[in-house]
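Structure first, commentary second.
Whatever order the structure lists ligands and atoms in, that order sets their numbers, starting from 1.
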Amino acid sequence: MLKVGLVGVGGISGAHIPAWEAMEDAELTALCDIRSERMEPYPGKRHYLDFEEMLEKEELDILDICLPTYLHADCAVKAMERGIHVICEKPVSLNEEDVERLYSAARRRHVNFMVAQVLRFWPEYMLIKELYDTQKYGKLLSGYMSRLGNTPPWSWDNWMKDESRSGLVPFDLHIHDLDFIVYTFGAPENVKSNRIKRPEQDCINAVYEFPQFFIETEASWYAGAYPFAARYRFQFEKAVVSFENGKCMIYEDNGDITDLTEAAQGDTGSINLPKSDAYANEIQYFADCVRNGKFPDKVKAEELSTVLGILKKL
Ligand SMILES: NC(=O)c1ccc[n+]([C@@H]2O[C@H](COP(=O)([O-])OP(=O)(O)OC[C@H]3O[C@@H](n4cnc5c(N)ncnc54)[C@H](O)[C@@H]3O)[C@@H](O)[C@H]2O)c1
């Protein structure tokens with residue numbers, strides 16, 4: 001049975017905790033947050049207000065880091081130095097140099113380290129990687145990805161609105177799409193971008209150019225209560241594949257239309273998207289790697305460095 005501790009019981013922990021709870025051969029034994037009330041809904045666990053005390057008193061196999069971004073790297077290194085495997089929320093850090101610091105700690109202590117870049121485990125996004133790799137609908141010609149919403153009002157101490165702690169839209173929001181682009185297509189040859197940055201608004205438009213295609217992207221925190229939505233549209237030679245308003249569709253050049261949305265599944269021919277929770281998928285993948293003594297290679301250090309290097313210039 002893997003013993004797991006989680007630090008940072010804020011917004012995203014609500015997606016991680018149920019994933020650990022659902023796993024049969026792992027037990028989430030300890031939680032840590034500087035706000036005790038955040039841990040109250042989980043009375044069956046040991047609660048810590050201090051991270052170092054949790055590391056000292058618990059015998060953990062895995063630490064799951066859901067802390068504000070600026071705390072990720074130091075906490076991850078401290079845990080790995082004690083021989084604990086670490087899964088850490090994105091972004092790994094605001095500084096590229098931390099990537100090597102983290103991976104060298106993992107190598108030195110022979111532990112697993114993975115940044116939870118969730119789109120790599122998201123069925124609708126995995127579909128695009130598969131279609132690109134297999135060329136099922138021919139070559140990719142262009143793509144569009146967006147992630148639009150309002151400036152997050154919920155974060156502890158408003159850390160998300162503080163550029164030095166969150167990196168704002170590039171590092172907090174756009175990183176999802178850029179990480180997917182680098183994972184799927186490699187490093188872009190050229191980047192063109194525009195940005196409007198004001199105290200309560202941050203809006204980016206970036207085009208990533210590759211030798212044979214380009215991906216246009218948008219990411220924003222608007223000042224008003226603009227509803228969050230993530231979208232994509234990829235144009236292949238023989239089909240357009242879109243993910244909009246929760247609907248994943250394939251429009252083939254022969255007129256065929258396939259709705260891959262969960263509700264519409266049943267008769268989609270050769271393509272079926274699994275009904276699954278991407279956060280649970282990434283956590284399951286990491287736990288399986290720990291159990292099997294395999295280093296998680298789905299998220300690679302070079303890719304993380306490439307992404308951070310691009311983000312800091314946006
Ligand atoms: N993968 C995703 O889709 C996704 C979505 C949201 C957030 N995130 C990432 O998850 C991380 C956390 O974001 P969030 O929205 O949950 O933030 P949050 O502010 O809601 O939660 C952070 C929690 O950490 C606690 N905390 C702060 N300092 C601490 C310390 N020193 N020791 C212990 N606890 C401490 C706070 O009390 C708070 O409960 C960020 O890096 C963010 O980018 C990822």
For this session: Please check if any side-chain donor atom of S142 sits under 3.5 Å from a side-chain acceptor atom of Q235, or the reverse.
Result: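 Side chains of S142 and Q235: pair found under 3.5 Å.
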Check each heavy atom of [X] against ligand 1 and say whether those closer than 4.0 Å belong to the side chain, the backbone, both or neither.
{"X": "D157", "value": "neither"}
{"X": "K90", "value": "both"}
{"X": "D50", "value": "neither"}
{"X": "C66", "value": "backbone"}

[atom] [closest protein heavy-atom partner, distance rounded to 0.1 Å]:
{"atom": "atom 44 (C) of ligand 1", "value": "E89 OE1, 3.2 Å"}
{"atom": "atom 10 (O) of ligand 1", "value": "I12 CG2, 3.3 Å"}
{"atom": "atom 20 (O) of ligand 1", "value": "G11 N, 2.9 Å"}
{"atom": "atom 13 (O) of ligand 1", "value": "W159 CZ2, 3.6 Å"}
{"atom": "atom 37 (O) of ligand 1", "value": "D33 OD1, 2.6 Å"}
{"atom": "atom 21 (O) of ligand 1", "value": "G10 CA, 3.2 Å"}
{"atom": "atom 31 (N) of ligand 1", "value": "L71 CD1, 3.9 Å"}
{"atom": "atom 3 (O) of ligand 1", "value": "Y279 OH, 2.6 Å"}

Problem set entry | K298 charged N/C atom sitting above F121 aromatic ring, 6.0 Å / 45° | yes
For this session: Examine F295 together with F113 and report whether their ring centres are nearer than 6.0 Å.
Result: no
State if [X] counts as touching ligand 1 under the rule of any non-hydrogen atom under 4.0 Å.
{"X": "A15", "value": "no"}
{"X": "H72", "value": "yes"}
{"X": "F171", "value": "no"}
{"X": "F51", "value": "no"}

Heavy-atom contacts with [X] under 4.0 Å: which atoms of ligand 1 show up? List them by number with element.
{"X": "G8", "value": "23 (C), 24 (O)"}
{"X": "W154", "value": "15 (O), 20 (O)"}
{"X": "H176", "value": "1 (N), 2 (C), 3 (O)"}
{"X": "P91", "value": "43 (O)"}
{"X": "V9", "value": "39 (O)"}
{"X": "L67", "value": "11 (C), 12 (C), 26 (N), 29 (C), 30 (C), 32 (N), 33 (C), 34 (N), 35 (C), 40 (C), 41 (O)"}

If you define the side chain from C-beta out and look only at heavy atoms, does anything of [X] sit under 4.5 Å from [Y]?
{"X": "V92", "Y": "K90", "value": "no"}
{"X": "F171", "Y": "T69", "value": "no"}
{"X": "V182", "Y": "Y208", "value": "no"}
{"X": "R46", "Y": "Y48", "value": "yes"}
{"X": "Y232", "Y": "E244", "value": "no"}
{"X": "R101", "Y": "V77", "value": "yes"}
{"X": "I204", "Y": "V169", "value": "yes"}
{"X": "M160", "Y": "T151", "value": "no"}

From the options [options], select the one whose nearest heavy atom is closest to [atom].
{"atom": "atom 38 (C) of ligand 1", "options": "E37, R35, M160", "answer": "R35"}
{"atom": "atom 24 (O) of ligand 1", "options": "A230, C32, P68", "answer": "P68"}
{"atom": "atom 26 (N) of ligand 1", "options": "V92, D172, I34, L173", "answer": "I34"}

For this session: Identify the residue among C75, S13, C32 that makes a side-chain contact (heavy atoms from CB on, under 4.5 Å) with L67.
Result: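 One option only clears the test, and that one is C75.
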For this session: Calculate, to the nearest 0.5 Å, the distance between atoms CG and OH belonging to L304 and Y183 respectively.
Result: 12.5 Å
Problem set entry | Within-cut-off N or O pair, S13 and ligand 1, under 3.5 Å |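 Such a contact does not occur with ligand 1.
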For this session: Please say whether S155 places an N or O atom under 3.5 Å from an N or O atom belonging to ligand 1.
Result: no
Exercise. In terms of the angle between their ring planes, are Y279 and H16 parallel, tilted or perpendicular, with boundaries placed at 30° and 60°?
Worked result: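 Judged by the thresholds at 30° and 60°, the geometry between Y279 and H16 is tilted.
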Exercise. How are the rings of F185 and F213 set to each other: parallel, tilted or perpendicular (split at 30° and 60°)?
Worked result: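 Rings of F185 and F213: perpendicular, as their planes differ by over 60°.
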Exercise. Salt bridge (charged side-chain N to carboxylate O under 4.0 Å, His left out) with D202: which of R195, R147, K197, K161?
Worked result: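 The single option meeting the salt bridge (charged side-chain N to carboxylate O under 4.0 Å, His left out) with D202 is R195.
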